[in-house]
Structure formats: structure tokens, C-alpha cells
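Throughout, protein chains are lettered first and strands after them, A, B, ... in sequence-line order, and every chain is numbered starting at 1. For clarity, every value in this text was computed on a predicted model and none was experimentally measured. All heavy atoms count here, side chains included; hydrogens, waters and symmetry mates do not.
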2 protein chains.
Amino acid sequence: MKGFAVMKRTLSSVEYSGEEEIMASIAKAISHPVRIKILKLLASRQCCFTGELTEIIPMAQSTISQHLKALLEAGLIQGEINPPKVRYCINLETWLTASTLLGGFFNADLTCRCECR
Amino acid sequence: MKGFAVMKRTLSSVEYSGEEEIMASIAKAISHPVRIKILKLLASRQCCFTGELTEIIPMAQSTISQHLKALLEAGLIQGEINPPKVRYCINLETWLTASTLLGGFFNADLTCRCECR
DNA sequence: TGTATTAATCGTATATTTGCGATCAGCAAT
DNA sequence: ATTGCTGATCGCAAATATACGATTAATACA
């Protein structure tokens with residue numbers, strides 16, 4: 001991972017639009033239930049939060065840290081390092097981008113009129 | 001993949017709500033740019049479509065078929081088998097679910113007021 | 001019965017994800 | 001300096017995902 005321009009295991013590098021890559025990147029970030037749970041927790045606590053996550057979610061501390069890192073790299077959260085503690089909160093900017101891109105995508109008016117089943 | 005109730009590589013099976021698992025499953029389906037591109041194509045062509053995808057997207061036919069299968073299993077598309085052709089189109093029901101869940105998730109009113117950076 | 005067409009599936013190689021324990025890094029207070 | 005605390009990172013193992021070519025399945029047509 002790291003940024004949006006990776007993945008070229010093959011020669012036939014397909015071309016993607018910036019939006020497609022950003023959307024995919026955000027989707028990948030929330031493609032694991034525990035990361036959705038984490039985001040929900042962060043969003044509900046008004047804001048900032050810390051590794052009390054470890055107490056709420058029964059997973060190894062290192063595992064949770066990894067998920068936080070994934071969310072951080074996707075830009076969905078931001079953290080304020082303040083050793084020995086770190087506070088995380090939603091990154092409103094990316095949050096808005098996600099809302100716009102994903103919302104716009106799924107809200108598209110699809111008047112499907114085919115006989116597919 | 002297959003359904004929403006997999007993943008228990010570990011002993012400390014974390015509990016997830018149905019919504020969390022459905023959201024994660026949908027997000028995973030659109031976590032690859034080529035699948036977003038495919039969905040866009042299907043959505044734009046009014047509706048139904050076929051493996052002309054192979055002509056538009058420079059990827060092996062088997063690879064595209066695999067991505068279609070992923071979208072199918074996530075319920076985002078549906079296909080009408082009509083050998084030797086198959087027509088795919090958006091599955092409006094899941095599409096609406098995705099819109100509701102993801103939209104509701106990201107549209108949550110976050111009045112963050114922390115000093116995190 | 002062959003032949004052509006389309007698309008799924010199989011088998012394989014490689015890369016990424018996920019999870020864990022163990023260790024390291026940064027700071028505060030002894 | 002030593003200790004304690006929180007949290008990131010490392011190293012490993014196992015599971016998934018991704019991409020491909022080759023093969024197979026299903027049907028229409030000659």
C-alpha cells in the first residue's frame with residue numbers, strides 16, 4: 001500500500017481515473033469490519049480518542065495499531081502523538097471526500113429497465 | 001469470500017453487527033479500481049451489458065470474469081445467463097442498500113472540535 | 001456431428017492482508 | 001539512570017487477492 005499508484009503486477013497496466021483510485025483506496029480502508037467499528041467509535045465520541053480501543057475491541061494491541069495505520073494512510077483519521085499516548089480522530093477532509101465520491105456513486109439515478117435476473 | 005460470516009483466523013473472534021459486515025462486504029467489492037470502472041460502465045449503459053468489457057478493459061478475459069464474480073457475490077450486480085453470452089446489470093436492491101449504509105455512514109454530522117493534527 | 005463463440009473455471013505464481021507475540025521508541029516520574 | 005506506560009514496528013505464519021494462460025461448458029450454426 002502507500003498512496004494510490006501501486007499495483008502493476010501485470011504488463012497490461014489498465015488506466016484508472018484519479019477518482020476511481022481514490023474511491024478504491026477509501027473503500028479498501030473500510031473493507032474490514034473492525035475498521036468500520038473503529039471509525040464508528042471515533043465518530044461517536046464527539047471526536048478524539050485513544051487506544052482505549054484495545055479495551056473495547058478484543059484484539060491484540062499490535063493488530064489494532066495496524067488497523068489504525070491503515071485508516072491513517074487512507075487519510076480517514078488523523079492522530080495527535082503525545083507520548084506515551086496518541087489521540088485519533090476522524091479526518092473531516094477525507095471524510096467529506098468519501099461522502100462525496102461514494103455518495104455520488106451510489107446515488108446515481110439508475111433507472112434500470114432490463115430483464116436481467 | 002462468500003457470505004458475510006467468515007474470518008476467524010483468530011480465537012478472539014470479535015463481534016460485528018450485521019451492518020458492519022454488510023458494509024465491509026460492499027466496500028471490499030469496490031476496493032479495486034477495475035471493479036469501480038466496471039460498475040460505472042454498467043451503470044452508464046442505461047443497464048444491461050456484456051463481456052464487451054473485455055474489449056474496453058485491457059485485462060485477460062479470465063481476470064475480468066473473476067472481478068465480475070466478486071461483484072456478483074457481493075450482490076452489486078446480477079447476470080442473465082444466455083449462452084454463449086451473459087448480460088450483467090446493476091442489482092438495484094443492493095445498490096440501494098449500499099447507498100443507504102455508506103451514505104448514512106459518511107453523512108453523519110461530525111462536529112469535530114478537537115485539536116488533533 | 002463438427003465448429004465457432006462466449007464466458008466460467010482450473011491451476012499456478014506472486015503479492016497483499018490479517019493476526020499474533022515480541023521488541024523497540026518516546027516520554028514521565030521516580 | 002531506572003522504571004513504567006502507551007503505542008508503533010518487526011518478524012512470522014496463514015489466508016486472500018490478483019492476474020494470467022489453458023481448459024472446459026453451453027449453446028448456435030453449418
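Between A:E80 atom CD and C:dG26 atom C1' there is a gap of 15 Å when expressed in whole angstrom units. Remark: P of D:dA8 and CG of A:N82 are 13 Å apart, rounded to the nearest angstrom. Protein atom NZ of B:K69 is 15 Å distant from nucleotide atom C1' of D:dA19, rounded to whole Å. Between the CE atom of A:M59 and the P atom of D:dA8 there is a distance of 16 Å, given to the nearest Å. Here the P atom of nucleotide D:dT16 and the CZ atom of B:R35 are 15 Å apart, to the nearest Å. Atom CD1 of B:I30 is separated from atom P of D:dT18 by 13 Å (rounded to the nearest Å). If you measure from atom CG of B:L71 to atom C1' of D:dT18, you get 14 Å, rounded to the nearest angstrom.
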Quiz item: Could you write nucleotides 2-8 of chain C as a row of B, S and -, 5' to 3', where a protein heavy atom under 4.0 Å of any base atom gives B, of only sugar-phosphate atoms gives S, and otherwise -?
Solution: ---BBBB
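In this structure, B:L71 and B:I77 have side chains that are in contact, with non-hydrogen atoms separated by less than 4.5 Å.
In this structure, the separation between CG on A:L39 and CG on A:L41 is 9.0 Å, given to the nearest 0.5 Å. Atoms CE and CD1, on A:M59 and A:I38 in that order, are 8.0 Å from each other to the nearest 0.5 Å.
Listed by chain and residue number, A:E20 satisfy the salt bridge (charged side-chain N to carboxylate O under 4.0 Å, His left out) test with B:K40 (two or more places apart in sequence, or in another chain).
For A:K28, taking side-chain heavy atoms from C-beta onward, the closest of the listed nucleotides C:dC27, C:dT17, D:dA17 is C:dT17.
Taking 4.0 angstrom as the limit, B:H32 places a side-chain polar atom (N or O) nearer than this to OP1 or OP2 of D:dA19. Regarding contacts with the backbone of C:dT17, every side-chain N or O of A:H67 stays at 4.0 angstrom or more from both OP1 and OP2.
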Report all side-chain donor-acceptor pairs from residues 95-106 of chain B shorter than 3.5 Å, counting only partners two or more places apart or in another chain.
from, atom 1, to, atom 2, distance (Å)
B:W95, NE1, A:F106, O, 3.1
B:T97, OG1, B:E93, O, 3.2
B:S99, OG, A:N107, OD1, 2.7
B:T100, OG1, B:L96, O, 2.9

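Under the side chain to side chain donor-acceptor pair (under 3.5 Å) criterion, the residue pairs touching residues 55-67 of chain A are A:R35-A:H67, with sequence neighbours excluded.
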